[in-house]
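Worksheet: one structure, shown below.
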Amino acid sequence: AWSAERLQQRPAPGRRRGMGMGGAPRSSRQALLCRYAALALVALLLVGVGLAAPTSATDASSTATAKSEGAGLAHIGARVLPDPTNPANGVECRVGRPAAVCDPDGILGLTGTARAAAAIEAIRARVLLPCAGELVSPEIAVAIVDATTSGGASSSFSETNALSAAASVLDGWGVGAASCHTGVALVLAISDRRVALRTGPGARGALGDAESARIVSQMRPALREHAYTDAVLIALERIGEALARAPAAAP
């Protein structure tokens with residue numbers, strides 16, 4: 001039977017055709033090429049010392065929120081999963097666009113990850129939680145792997161390990177508002193038959209032990225039928241309902 005645990009706590013510059021330089025005097029062309037080469041060298045030097053600007057706002061946010069796990073990484077047993085909200089990690093997490101879902105083994109497929117991502121965004125659009133005198137959208141992340149080691153399921157991956165993996169998702173990916181930790185992490189290890197739901201302190205009032213147990217219980221029939229996308233969507237729907245009922249939440 002599936003085992004579950006809950007815990008309430010978080011092109012190189014140079015000469016190119018069509019550039020309009022063909023009719024310029026030789027000295028002018030050489031001067032332009034030298035200028036482009038100098039600019040390229042400056043750019044390379046900036047990248048080398050870490051001064052180049054991030055390629056997107058998501059990259060900047062990912063860098064700012066990475067916690068002690070380091071570089072936006074979450075540890076699921078022996079597996080290391082990168083932050084799926086960083087566009088650079090889309091291929092590894094098998095998501096079509098940046099989203100808070102990482103499915104490196106393709107358990108959900110592109111359609112399943114897209115549906116899970118849409119469900120998360122729908123919750124964020126309709127629910128606000130109190131945080132340091134303000135209202136913020138909750139953050140929910142899903143990490144799903146086939147097995148927690150490269151060799152398959154591990155008999156040593158316990159319920160405690162599953163909870164630690166969910167905590168690693170919260171911390172490593174920076175899930176939830178930094179000031180009050182309004183994050184929720186759902187982790188599934190299919191071959192290990194483990195599922196863990198963990199919350200940050202800011203979402204604790206909405207997802208207590210009893211509510212978490214109900215959510216996991218409602219996932220089990222789909223898990224037994226190997227309907228993993230359905231199981232994740234059921235969990236997300238129930239999480240959204242619970243967050244919307246939280247004291248002072250604004251639906």
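- Ala114 is linked by a side chain to side chain contact (heavy atoms under 4.5 Å, CB included) to nothing, counting only residues two or more places apart in sequence or in another chain.
- Between Leu236 and Ala116, the shortest heavy-atom distance links the atoms CD1-O, 3.6 Å.
- Under the side chain to side chain donor-acceptor pair (under 3.5 Å) criterion, Thr113 pairs with no residue, sequence neighbours left out.
- Formation of a donor-acceptor pair under 3.5 Å by the Asp192 side chain with backbone atoms of Arg194 is not found in this model.
- Taking Ser156 as the reference, Ser154 meet the side chain to side chain donor-acceptor pair (under 3.5 Å) condition, with sequence neighbours excluded.
- With sequence neighbours excluded, the residues forming a side chain to side chain contact (heavy atoms under 4.5 Å, CB included) with Ser158 are Thr160, Asn161, listed by chain and number.
- Between Val127 and Ala244 the shortest heavy-atom distance is CG2-CB, 3.9 Å.
- Atom OG of Ser191 sits about 12.0 Å away from atom CZ of Phe157, to the nearest 0.5 Å.
- In terms of the salt bridge (Lys or Arg N to Asp or Glu O under 4.0 Å) criterion, residue partners of Glu241 (sequence neighbours excluded) are, by chain and number, Arg238.
- By the 4.5 Å heavy-atom criterion applied to side chains, Asn89 and Pro84 are not counted as neighbours.
- The heavy-atom pair separating Leu163 from Ala196 by the smallest distance is N-CB, 4.0 Å.
- With hydrogens and angles disregarded, no donor-acceptor distance shorter than 3.5 Å links the side chain of Thr148 to the backbone of Gly77.
- Screening Ile144, Ile140, Ile215, Val195 for a side-chain contact (heavy atoms from CB on, under 4.5 Å) with Leu186, the sole residue that qualifies is Val195.
- In this structure, the side chain of Ser179 does not engage the main chain of Ala132 through any donor-acceptor pair within 3.5 Å.
- Side-chain contact between Val187 and Val169: present, with at least one pair of heavy atoms (C-beta onward) separated by less than 4.5 Å.
- In this structure, the separation between CZ on Arg198 and CZ on Arg204 is 10.5 Å, given to the nearest 0.5 Å.
- For the atom pair CD1 of Ile190 and CG of Leu223, the computed distance is 6.5 Å after rounding to the nearest 0.5 Å.
- Applying the side chain to side chain contact (heavy atoms under 4.5 Å, CB included) criterion to Ala78, with sequence neighbours excluded, gives Thr149.
- Taken to the nearest 0.5 Å, the CG atom of Leu207 stands 9.0 Å off from the CZ atom of Arg245.
- Arg124 pairs by the side chain to side chain contact (heavy atoms under 4.5 Å, CB included) definition with Ile120, Glu121, Ser137, Glu139, not counting sequence neighbours.
- Sorted by first then second residue, the disulfide (SG to SG under 2.5 Å) pairs that include residues 120-155, not counting sequence neighbours, are Cys131-Cys180.
- Minimum heavy-atom separation, Ala177 to Val136: CB-CG2, 4.3 Å.
- Using a 4.5 Å heavy-atom cutoff, the side chains of Leu81 and Ile76 are in contact.
- One hydrophobic cluster, built from ILVMFWY side chains closer than 4.5 Å, cannot hold both Ile234 and Leu188; they sit in different ones.
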Name every donor-acceptor pair, under 3.5 Å, that has one atom in a side chain of residues 95-112 and the other anywhere in the protein, sequence neighbours excluded.
unit_1 : atom_1 : unit_2 : atom_2 : d
Asp103 : OD1    : Gly106 : N      : 3.4
Asp103 : OD1    : Ile107 : N      : 2.8
Asp103 : OD2    : Ile107 : N      : 3.1
Asp103 : OD2    : Leu108 : N      : 2.8
Asp103 : OD2    : Gly109 : N      : 3.4
Asp105 : OD1    : Arg79  : NH2    : 2.9
Asp105 : OD2    : Arg79  : NH1    : 3.0
Asp105 : OD2    : Arg79  : NH2    : 3.4
Asp105 : OD2    : Asp146 : N      : 2.7

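- Considering Thr199, Ile123, Val175, Val142 in turn, Thr199 is the only one that fulfils the side-chain contact (heavy atoms from CB on, under 4.5 Å) rule with Val184.
- Checked by atom type and distance alone, the side chain of Trp173 never pairs as donor or acceptor with a backbone atom of Ala185 at under 3.5 Å.
- The 12-atom threshold is exceeded at CD of Gln218, counting heavy atoms of other residues, nucleotides or ligands nearer than 6.0 Å.
- The shortest non-hydrogen separation linking Pro221 to Ser217 is CD-O, 3.4 Å.
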